[in-house]
Student: 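My structure is below; once you've seen it, I'll send some questions.
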Amino acid sequence: MKTVIVVIIVVVIGYIAFKSLYKYMTGKSGCGCSKGEAKNCSFKKSCGK
Amino acid sequence: MIKIAFAGNPNVGKTALINALAGSKLKVGNWPGVTVEKKEANFTLNGEEINLVDLPGVYSLSPYSLEEKVTRDYIIYEKPDVIINVVESTNIERNLYLTTLLKELGRPMIIALNFYDEFEKLEYKLDIKNFKEMVGVDVVQTSAIKNRGLKELLGIALETAKNSQKDVEYSLGFDTSLNKDIEKIKEDIKHDEKYKSILKKYNINFITIKILERDSYFIEKIKSEFNLDLSKEFESFKKKLEEKYDEDIETIFSERRHGVSRGIVQKTVTSSLKSRLDFTDKIDKVLLNKIIGLPLFFLAMGLFMTMVINGSAPLNDWVDGFINNFVGKYVGEFLIGTPDVLQSLVIEGIIGGFGGVVVFVPLMLFLYFFLGLLEESGYMTRVAFLMDKIMRKMGLNGKAFVPMIIGFGCSVPAIYATRTLEDHNSRKLTAVMAPFMSCGARLPVYGLFTAAFFGNSAGFVIMSLYFLGIVVAMITGMILKRFEGFKAEEKALIIELPPYRIPSLKVVLNSTLDRTASYIKKAGTTILAVLMLLWALTYFPHKGDTSRSYMASVGRVIAPILKPTGFADRWETVAAIIPSIAAKEVVVGFMAQVLKVEEPESSEEEEVTTFLGDLKGQGIDLLIAVKDSAVGVISFSLGDIFAPPSVEEIEEEGTGIVSATSSLWPNDPLGPLKAYSFMAFILLVIPCIVTLAAIKQEFGYKFMGFVIGIMLVTPYIVSTFIFQVGRLFFL
């Protein structure tokens, strides 16, 4: 049971971290490419691609 | 949605006004050019969405510089509902020149007379009623710092936005004769069929003046959009005006605009004998002195670094202890019974890696706080002035040093800040030099290695690395300027030196907390992901035997190439270079993952403690660390100027990452030299991936590849030089 809980926590942390890494590597971090936020994005040309 | 655009001269407080109105945290600073591209902040008021747009500060709206184009294009093509023209109250005449240009664009506009508190302090007087009448728009006296006039400003802006959706044909206030001439052309344009569609897009005043001025950018636009050549339009009229005023047409309009501004100020402003520059002039006599100006700058940087290191060391140490002795201990206890691989991932991969980066949060807090004080004071621009003579050796002028100063914080805005330079070659040369500046992300690496290998000299060593970055950037510039693609146009330094201001604690604290929060967020997301990957590459294939891991193999393959640099005798340092390209902070987390502290063998039984007992102990340690930190900032003598707490002191309380790092080269007399060579390599090697993206965006893939090449060769040469020359002193 303990192992399952730890695995779930690690998966959640990993998901958030890797999602952020993906955004960072594709130039979408720090500004947000979601609706409305993309306007603030220095790399907005790459948003949605 | 209501769009409100903020336009004005550089450094008049546009961003500060937006932050005060929207509660946003856009970057502010007391130097011209903080905003080089438009930024936005949104908020909702009474159910209405409001979009505040921060336009780059400009003196004019000519098509010759990038930020002027950004400002002009935004107003013309995005058609904000209202423009708030921010005018510096203590310098109205110069600011009003832009006001006359903005009126030509014809969008509804109001004026915010900002820094009005300083205006009153100087005992200046303004006939506000007359002033409003003469400028022809609503005027509000404001102070972003003191929260003065903000509600009124927003109220009038919203009212103006709602009431007038169309363009306004302002009276431009030129002399009667010129006005008459312009009115004649305007009438012709209004009744000419070919202008019908152009008039839907551009204001009549703007069309008239730009045609007469032969504004190349406007004429090209009309040609491409409407297939209409206006380059010879009203030629005889233009010539007639030039003959009449005995000046070229651009000068005629420019002089009239200055005349309008001067006239308004003469009739409405009464100045006192006090000058806004009295205080500034007195300080500048010392700080900009030809002989002592630069030494004073380096002394200031030395003091700055000493305070950052001394103040943060006890707190870094506390965080280190908290993560290892408290979080690590209790998480470890909880994980007993789970598979080894999971325990290693959580303890070494996640807590070790993330903890290794978070240990330096206090260091970043102190750095950003002192950097914020410098930025707000107005001293930063003076450094550009002081560096002018040196920058000329690269064919640049002091203005090119501004992006490099920004690079001390972060290389990404430094790349964008090159937009303030006039010619493309200057921009390119500065963009190659700026990433050599030691950005904030590199500081945790220095913090770790200096604490592990340099003890009392840590502050001095860190300052020398900052200096090394500047010197390498200068040498690179001197070499590159010989090539055609980097030959910059010789230009005199024209830079506005802002008045010195006592930094607003609120602004400095906001910027400090904002930047530190970004550091923590980055550590917990992007960097953590890289560290989790690195954990996998150091755990497998031999179940946690890092010395036989994939990462170790990669490190050992590259090590022979890097042998001359000295630090390559440890695979850990070599392997850390590759992920440092993702983000420099990764180096620190990676070291925390792969280097283990040798636990001293203890014959005595371990003391049994409780969770609450440990928590209380951590609380007490924190209080002691805060006290030591306060003492560290204020207590240094000139004889002991670079004296952070010694390694022994740090290790008395801390157990983790610093001790582990010092085990890289234990009892090796060349250890500190190898550590210095490694830090120099990390300083000069390819910048982080976001900086590369910014370079690609501004200059293209080819140029980005060129920068990568330069930043692979340079650290190799410099680190080899440092180690090979340095070791001669140990033989």
Side-chain angles (χ1 to χ4, degrees), chain A, chain B residues 1 3 24 26 36-42 49 51 53-54 78 331 334-339 341-343 345-347 349-351 353-354 410 412-413 415-416 518 521-533 535-536 579 581-583 586 688-694 696-698:
Chain A
M1 187 60 192
K2 199 195 270 183
T3 304
V4 174
I5 295 170
V6 177
V7 168
I8 291 171
I9 295 171
V10 168
V11 167
V12 171
I13 293 174
Y15 173 75
I16 297 167
F18 280 97
K19 194 179 157 197
S20 158
L21 179 66
Y22 171 75
K23 281 172 77 178
Y24 181 78
M25 292 296 195
T26 49
K28 295 172 187 172
S29 63
C31 50
C33 282
S34 57
K35 198 182 165 194
E37 281 184 342
K39 281 180 292 192
N40 304 332
C41 185
S42 295
F43 309 102
K44 66 179 174 188
K45 281 177 198 159
S46 56
C47 285
K49 279 187 185 169
Chain B
M1 185 167 69
K3 268 196 279 187
S24 52
L26 302 178
V36 287
E37 59 174 37
K38 73 179 169 67
K39 292 178 188 166
E40 297 176 44
N42 296 306
E49 204 182 331
N51 174 224
V53 183
D54 188 11
E78 301 286 330
V331 174
F334 176 75
L335 290 174
I336 292 171
T338 58
V341 62
L342 198 60
Q343 285 192 34
L345 171 60
V346 175
I347 300 287
I350 298 176
I351 297 179
F354 173 69
C410 177
V412 178
I415 297 297
Y416 290 120
S518 297
K521 193 181 162 199
K522 194 175 162 196
T525 53
T526 315
I527 292 171
L528 183 60
V530 178
L531 289 171
M532 284 169 88
L533 281 176
W535 167 83
I581 295 162
V586 168
C688 71
I689 203 137
V690 184
T691 308
L692 290 178
K696 188 223 99 190
Q697 194 199 14
E698 295 292 292

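Just so it is clear: chains get the letters A, B, ... in the order the sequence lines come, proteins before strands, and each one is counted from 1. What you are looking at is a predicted structure, and each value in this text was computed from that prediction instead of being measured.
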Student: Return the option, out of B:Ala583, B:Ala582, B:Cys688, with the maximum number of heavy-atom pairs under 4.5 Å with chain A.
Tutor: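 Most heavy-atom pairs under 4.5 Å with chain A: B:Ala582.
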
Student: What pairs with B:Lys521 under side chain to side chain contact (heavy atoms under 4.5 Å, CB included), at least two apart in sequence or on another chain?
Tutor: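 With neighbours one apart ignored, the set is empty.
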
Student: Hey, could you give me the CZ/CG distance between A:Phe18 and B:Leu528, rounded to the nearest 0.5 Å?
Tutor: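 These two atoms lie 8.0 Å from each other.
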
Student: Determine whether a donor-acceptor pair (N or O, by modelled atom type, separation under 3.5 Å) exists between the side chain of A:Lys19 and the backbone of B:Thr525.
Tutor: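 Here the side-chain-to-backbone pair does not exist.
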
Student: Working to the nearest 0.5 Å, report the span between CD1 of B:Ile350 and CD1 of A:Ile13.
Tutor: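 If we round to the nearest 0.5 Å, B:Ile350:CD1 and A:Ile13:CD1 are 4.5 Å apart.
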
Student: Side-chain donor-acceptor pairs under 3.5 Å in residues 4-11 of chain A, sequence neighbours left out?
Tutor:
none

Student: Is it the backbone or the side chain of B:Leu345 that comes under 4.5 Å from a heavy atom of chain A, or both, or neither?
Tutor: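 Contact with chain A is through the side chain of B:Leu345 alone.
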
